[in-house]
Engineer: 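Take a look at this one; I'll ask things after.
In what follows, every chain begins at residue 1, and chains take the letters A, B, ... in the order their sequences are listed. The structure displayed is predicted, hence computed values, not measured ones.
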Number of protein chains: 2
Amino acid sequence: MTTKVLIIEDDSALRSSIVQTLELEDLEPIPTSSFTQARRSIRSNFKGVVLSDIKMPDRDGFEVLNFVRARDPDLPVVLLTGYSDVPTAMRAMKEGAYDYLEKPCNPDRLIDTLRRALDHRSLVLENRAIRDELVDQQSVVEGGTLSEQLELHERKVIEQALAMENGKVSMAAKRLGIPRNTLYDHMTRLRIVAKAFRNSDTGIE
Amino acid sequence: MTTKVLIIEDDSALRSSIVQTLELEDLEPIPTSSFTQARRSIRSNFKGVVLSDIKMPDRDGFEVLNFVRARDPDLPVVLLTGYSDVPTAMRAMKEGAYDYLEKPCNPDRLIDTLRRALDHRSLVLENRAIRDELVDQQSVVEGGTLSEQLELHERKVIEQALAMENGKVSMAAKRLGIPRNTLYDHMTRLRIVAKAFRNSDTGIE
DNA sequence: GATTTTTGTCCGAAAAGTCGGAAAATCACG
DNA sequence: CGTGATTTTCCGACTTTTCGGACAAAAATC
């Protein structure tokens, strides 16, 4: 689970208060006092979320929002708005903020909100990882000679059969429906050694 | 995107008000007046989220929560609590509610919260779908003779090569690093006809 | 420690696959 | 309808693979 929270807040008192609240909940606060300082952390593979004040001396919270969304539209940004500043909050949500909190905010609410944002982030990252795995596997064929590709697959099949039989060549041969000697031929050609599959106790059943 | 919101609310005035709010935002409210009425909709593959009142005449909102979590721990439940009933709200969050809203609630807040919950639900369902696909593909090798398995893969490789070259055998042969004739030999053996890969306009580049 | 089973390697004949050349069939195009 | 390019099939020599049998070495069983 991702637990990083990149905090952008110029009021140092509030900042350290937030840091403390997060640490009590086993989250990982990364406190910064300005957008410029925070920029470098904001990447598409950032394993956390952003918590930013919306009113800051140099830059606006909306700038943060746009920057983050440009880097990764699925990186949640939680904004801290002034008390009952509903229009600003609504605008923030419309522009893609994950959520907003009214200052001063209830610590529980803060944690709940960040937890949700982090959960969302985890799911998104997990999703991407699984997707990558999927496309890796789907491209059964990337390039190379036909024989190269077949050899690669042949190796996989034989190694799996050996693994399933704990490295017993004769058993693997039976499983593969070929005579023992033939399997030895294949193994010699592919430089597969049966010993490598023994003892490892990964045999199925 | 999933947009269903299963509403459990005994106050009919509030219920229809919620329904109206959701419909204005293109969400799909499923209004029910009691837990018993809502039960049958709650399944692990429910493509939506649950919005329930926490105080009801017959059953408690926590019962809903437990029931839903038993059916699917990743089905978000948003609870409606009485105004500033902080302890109940905190207990709800601890017991796994996705979020809570204080009654009477701001329509914008309601929509924001439900959108987040629905987003979460979509991600979870998507994740599961991709996972299923993954395990399907991971079983590269199920059984059968070595030659059967190799033949299967050989067919895949050749068909992909043909598809990439729009059914041009000579081009596919070049790509596979073997003479045309040899590829024809393979194709004859595997009963692959090149015509089947022409015209379909699926050629890459 | 003797015996039986299993492993890993080698041999050789039959079977299958490779691949160049060439002819037949088909397609493309003016 | 020809003409050239491409696809497809057929042939035959050459190479590789298959697979049963044999055998020494290692392991397991008694």
Engineer: Whole-Å distance between dT16(D) P and Ile178(B) CD1?
Structural biologist: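 Interatomic distance, CD1 of Ile178(B) to P of dT16(D): 16 Å.
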Engineer: Measure the distance from NZ on Lys168(A) to C1' on dT5(C) and round it to the nearest whole Å.
Structural biologist: 10 Å
Engineer: How long is the line joining NZ of Lys195(A) and C1' of dA27(D), in whole Å?
Structural biologist: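 It is 13 Å, rounded to the nearest whole Å.
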Engineer: Can you tell me if Ser170(A) touches the phosphate of dT6(C), counting only side-chain N or O atoms and a distance under 4.0 Å to OP1 or OP2?
Structural biologist: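 Result: no.
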Engineer: Going through the distances and angles, do Arg189(A) and Glu154(A) end up as a salt bridge (charged side-chain N to carboxylate O under 4.0 Å, His left out)?
Structural biologist: CA-CA 11 Å; Arg189(A) 185 160 36 83; Glu154(A) 188 182 351; 3.3 Å; yes
Engineer: Is any side-chain N of the basic residue among Asp99(B) and Arg109(A) closer than 4.0 Å to the acidic one's carboxylate O?
Structural biologist: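 Salt bridge flag = yes for Arg109(A) with Asp99(B).
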Engineer: May I ask you to decide whether Asp60(B) forms a salt bridge with Lys55(B), counting only side-chain N to carboxylate O separations under 4.0 Å?
Structural biologist: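 Salt bridge: no.
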Engineer: Can you tell me if Glu95(A) has over 12 outside heavy atoms packed within less than 6.0 Å of its CD?
Structural biologist: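 More than 12 within 6.0 Å, yes.
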Engineer: Starting at atom CG of Leu183(B), determine the distance to atom P of dT18(C), rounded to an integer number of angstrom.
Structural biologist: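 Roughly 10 Å, once rounded to whole Å.
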Engineer: Which one of Arg69(A), Arg121(A), Arg128(A) satisfies the salt bridge (Lys or Arg N to Asp or Glu O under 4.0 Å) criterion with Asp74(A)?
Structural biologist: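 It is Arg128(A); the other options fail the test.
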Engineer: Please compare Arg189(B) and Met187(A) by the position of their nearest nucleotide in DNA chain C and report the one closer to 5'.
Structural biologist: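 Here Met187(A) is the residue nearer the 5' end.
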Engineer: Please state whether the phosphate of dT9(D), meaning OP1 or OP2, lies under 4.0 angstrom from any side-chain nitrogen or oxygen of Tyr184(B).
Structural biologist: no
Engineer: Under 6.0 Å from the six-membered ring centre of Tyr184(B) and within 45° of its axis: does the NZ or CZ of Arg180(B) meet both?
Structural biologist: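 Negative - Arg180(B) is either too far from the ring of Tyr184(B) or too far off its axis.
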Engineer: Could you work out which one of dT7(D), dT18(C), dG8(C) sits closest to the side chain of Ala194(A)?
Structural biologist: dG8(C)
Engineer: Are Arg116(B) and Tyr98(A) in a cation-pi contact, defined as NZ or CZ under 6.0 Å from the six-membered ring centre and within 45° of the axis?
Structural biologist: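 Judged by the rule, Arg116(B) and Tyr98(A) form a cation-pi pair.
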Engineer: Rounded to the nearest Å, what distance is computed from the CG atom of residue Leu190(B) to the P atom of nucleotide dT18(C)?
Structural biologist: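 Spelled out: CG on Leu190(B) to P on dT18(C) is 10 Å.
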Engineer: Over how many whole Å does the gap from Asn181(B) atom CG to dT9(D) atom C1' extend?
Structural biologist: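 Those two atoms, CG and C1', are 9 Å apart.
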Engineer: Could you give the CG-to-C1' distance, from Asp185(B) to dT15(D), as a whole number of Å?
Structural biologist: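 After rounding, the reported distance stands at 14 Å.
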Engineer: So how far off straight is the helix from dG1(C)-dC30(D) to dG30(C)-dC1(D), going by the axes through five pairs at either end, to 10°?
Structural biologist: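 Roughly 60°, once rounded to the nearest ten degrees.
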Engineer: Could you state the atom-to-atom distance from CE of Met171(A) to C1' of dT6(C) in whole Å?
Structural biologist: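 Whole-Å distance recorded here is 9 Å.
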Engineer: Check the phosphate of dC19(C) against Arg180(B), side-chain N and O only, distance under 4.0 Å to OP1 or OP2. Yes or no?
Structural biologist: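 It does not, given that no N or O in the side chain of Arg180(B) lies less than 4.0 Å from OP1 or OP2 of dC19(C).
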